[in-house]
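These notes concern the structure reproduced below.
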Amino acid sequence: MHAEVVDFIRRIVADDLSAKKNGDRVRTRFPPEPNGYLHIGHAKSICLNFGVAAENGGVCHLRYDDTNPSKEDVEYVESIQEDVRWLGYDWGDHLYFASDYFEQLYQFAIQLIQLGKAYVCDLSADEIREYRGTLTEPGRESPQRGRSIEESLDLFERMRAGEFEDGSRVLRAWIDMASPNINMRDPVLYRIQKTTHHRTHDAWCIYPMYDFAHCLSDSLEGITHSLCTLEFEDHRPLYDWVLDQLDVPCHPQQIEFARLNLSYTVLSKRILLQLVDGGHVSGWDDPRMPTISGLRRRGYTPQSIRDFCAAIGVAKRDSTVAIAQLEHSIREEMNRRAQRVMAVLRPLRVVIENYPEGQVEELEAVNNPEDASMGTRKVPFSRVLYIERDDFREDPPRKFFRLAPGREVRLRYGYFITCIDVVKDECSGEVTELRCRYDPATRGGNAPDGRKVKGTIHWVSAAHALEVEVRLYDHLFEQEDPAQITSAPDLRSSLNPSSLETLTDCRVEPSLADAEPGAQYQFERLGYFCADADSSPERLVFNRTVPLRDTWAKIQQRAAS
RNA sequence: UGGGGCGUCGCCAAGUGGUAAGGCAACGGGCUUUGGACCCGUCAUUCGCAGGUUCGAAUCCUGCCGCCCCAGCCA
């Protein structure tokens with residue numbers, strides 16, 4: 001597209017490379033905790049980590065940060081691999097688990113105790129919090145801070161052996177209870193948790209904390225650049241402290257960047273989990289979810305997500321990207337690739353009075369005007385058709401150039417038709433049918449006399465069309481600012497009641513009969529759609545990925561306001 | 001309030017002492033058998049604010065102001 005602008009992380013990596021800081025090595029890692037499904041915010045990190053590695057001839061590891069068994073599950077470890085792979089990234093044989101390092105991590109902890117840099121503390125969780133002090137007051141030292149190395153060693157071994165109850169003791173770093181950085185006030189390194197781990201099962205009842213496990217895992221794997229989000233900036237001194245005390249293979253550089261926020265959406269695993277558990281969505285892959293699996297089901301492609309991540313850049317400033325930016329990325333790709341097809345979402349019956357009863361013509365339609373190699377197809381035309389209700393107005397407003405009484409329009413790839421009569425339901429007054437006449441000379445859509453028509457509308461032949469279900473989506477939340485959603489006392493109250501609209505009486509041209517789940521189309525003049533996982537040959541179901549840009553809607557909106 | 005970050009167009013984002021890239025959005029116009037796409041054009045005399053240094057400052061200095069993160073035995 002454009003000469004890429006190098007972000008500050010790529011700049012650092014390039015500088016390190018030319019300074020031979022790590023020789024010619026670049027090694028990154030994507031380190032998810034398997035406690036939920038990946039979302040678009042993770043995609044940003046995945047594209048960054050795998051991208052930086054690939055651009056520099058390095059590798060990127062996939063490592064699970066599975067140090068808290070009470071929140072983690074194999075379902076998540078599997079979905080994460082599927083999603084990363086689907087996005088188009090390959091970790092080769094560099095698949096790791098922090099839990100595979102538990103024994104080494106334990107040995108490092110022993111070393112730290114022997115160095116006098118860690119001790120077993122007997123305070124309760126509440127007491128530790130009290131002793132920690134506040135933002136403005138220093139903390140107080142634990143009564144066990146002066147405990148002998150031998151005693152800590154003995155106690156720590158017995159913690160591992162399961163002699164003590166959950167919460168009764170922890171291993172703490174011996175740093176500085178008066179540090180202005182709260183993370184340095186003798187942080188907890190290990191806690192007792194008698195929970196079965198999804199991989200190590202019951203081999204351990206003590207688990208390392210993030211701050212201890214993460215930096216050491218990075219070092220053990222020879223990571224050169226450890227990229228993480230801004231909230232870990234305060235932890236960097238601790239990351240460095242741990243590695244500085246111990247005899248480790250290398251000392252990776254932690255660099256922080258701003259996490260992604262998207263307007264009208266929430267990227268908090270906690271809230272996404274609430275949406276799933278609370279039944280507000282059909283699951284992690286609900287097409288309204290910002291998860292990778294949700295976007296996939298909605299019809300987003302790996303390419304479009306990668307393009308989006310490239311477009312938003314990487315920086316340190318807190319930012320909220322407009323959802324329109326994401327929509328742009330899928331439209332751009334679909335415009336190039338999607339097969340065009342005609343579909344009517346809200347059918348209005350049209351009878352062409354002067355078209356011979358029983359006659360059917362096969363008209364030629366272009367599959368993709370952006371790509372001639374996609375060829376053409378035949379679409380059946382007959383006396384009774386359906387058009388979109390929105391394409392007819394009994395009393396057309398200014399600038400409306402679709403069908404209206406007495407008006408002539410073009411049926412795409414068909415004929416010019418003129419509306420000569422409107423049939424209404426006697427009771428409701430609702431328009432139930434249009435009576436029209438066609439000009440046989442305009443077959444294919446051109447008038448030999450050079451006559452022009454203002455509007456071209458889509459249609460399907462009533463007798464040949466397939467009856468299908470279409471699901472229209474809108475953002476899940478009403479508020480544009482994600483912070484407002486996250487801080488709302490009640491999640492329910494911020495949900496958009498019209499985030500899903502299911503249309504059960506739609507009609508599509510017969511060429512869609514064999515649409516497989518996942519197949520993507522442009523429904524002409526409407527938007528990009530894909531066959532849903534629920535779709536079957538008996539009952540086709542389509543998701544609207546994103547509507548086409550709609551300048552008519554804009555004109556109407558402006559007129560209304 | 002202590003510490004750590006960040007403030008460049010409505011939303012992202014380059015720029016790091018030589019006179020404000022680009023994308024999205026928006027708005028005009030052209031073209032059009034998708035009111036789509038495409039094409040052309042408009043869109044920051046100014047970089048949170050105020051001083052200062054300099055021939056020259058978004059970039060350097062000083063002082064304010066605003067926003068985000070940290071007081072889990074979560075990551």
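Values below: every heavy atom of this structure, side chains too, minus hydrogens, waters and symmetry copies. Numbered from 1 within each chain, the chains take letters A, B, ... in sequence-line order. Since this is a predicted model, take the numbers as computed values, not measurements.
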>> side-chain hydrogen bond (donor to acceptor under 3.5 Å, both in side chains), that's the test. Do A/Asp307 and A/Gln303 meet it? Break it down for me.
In response: CA-CA 6 Å; A/Asp307 286 349; A/Gln303 183 65 54; 2.9 Å; yes

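- For the pair A/Lys194 and A/Glu165, the salt-bridge criterion is met [side-chain N within less than 4.0 Å of a carboxylate O].
- Judged by atom type and distance alone, A/Glu480 does not reach the base of B/G10 through any side-chain donor-acceptor pair under 3.5 Å.
- Contact annotation: side chain of A/Glu137 to base of B/G2, donor-acceptor pair absent below 3.5 Å.
- Contact annotation for A/Ile323: no contact, since no heavy-atom pair falls under 4.0 Å across all strands.
- Looking at heavy-atom distances under 4.0 Å, A/Ser124 makes contact with a base.
- Within the 4.0 angstrom heavy-atom criterion, base atoms lie near A/Val170.
- Among the heavy atoms of the strands lying under 4.0 Å from A/Glu233 are primed sugar atoms or P, OP1, OP2 only; no base atom is included.
- Heavy-atom distances under 4.0 Å link RNA chain B to A/Glu33 of residues 28-45 of chain A, given in residue order.
- Counting non-hydrogen atoms under 4.0 angstrom, A/Arg549 reaches the backbone sugars and phosphates but no base.
- Using a 4.0 Å heavy-atom distance criterion, A/Arg558 is classed as a sugar-phosphate-only contact.
- The side-chain hydrogen bond (donor to acceptor under 3.5 Å, both in side chains) pairs that include a residue from residues 444-458 of chain A are A/Glu388-A/His458, A/Glu408-A/Arg451, A/Arg410-A/Thr456, A/Asp439-A/Arg451, A/Asp449-A/Arg451, A/His458-A/Arg525, where partners are two or more places apart or lie in different chains.
- Residues passing the side-chain contact (heavy atoms from CB on, under 4.5 Å) test with A/Trp174 are A/Tyr119, A/Arg145, sequence neighbours excluded.
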Taking only distance into account, with no hydrogens and no angle test, what donor-acceptor pairs under 3.5 Å do side-chain atoms of residues 477-485 of chain A form with protein atoms, sequence neighbours excluded?
unit_1	atom_1	unit_2	atom_2	d
A/Asp481	OD1	A/Ala483	N	3.0

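- As judged by a 4.0 angstrom heavy-atom cut-off over every strand, A/Arg129 is placed among residues touching the sugar-phosphate backbone only.
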Give each protein N/O atom lying under 3.5 Å from an N/O atom of nucleotides 65-70 of chain B, with the pair distance.
unit_1	atom_1	unit_2	atom_2	d
B/C68	O2'	A/Asp318	OD2	3.3

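- Comparing B/G36, B/C24, B/G35 against the side chain of A/Phe401 picks out B/G35 as the nearest.
- Listed nucleotides: B/A75, B/U34, B/G36. Nearest to the side chain of A/Thr67: B/A75.
- Across all strands shown, B/U16 has no partner, as no Watson-Crick or G-U wobble contact with both distances under 3.5 Å is found.
- The listed nucleotides are B/G23, B/C73, B/C74; the one nearest the side chain of A/Ile128 is B/C73.
- Contacts of A/Arg340 with the nucleic acid, taken as non-hydrogen atoms under 4.0 Å apart, include base atoms.
- The side chain of A/Arg132 has B/C73 as its nearest neighbour among B/G35, B/G5, B/C73.
- No donor-acceptor contact under 3.5 angstrom links the side chains of A/Asn367 and A/Arg340, judged on distance only.
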List every contact pair, protein side and nucleotides 14-16 of chain B side both N or O, where the distance is under 3.5 Å.
unit_1	atom_1	unit_2	atom_2	d
B/A14	OP1	A/Val314	O	3.4

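- Heavy atoms from other residues, nucleotides or ligands lying under 6.0 Å from CZ of A/Arg10 number more than 12.
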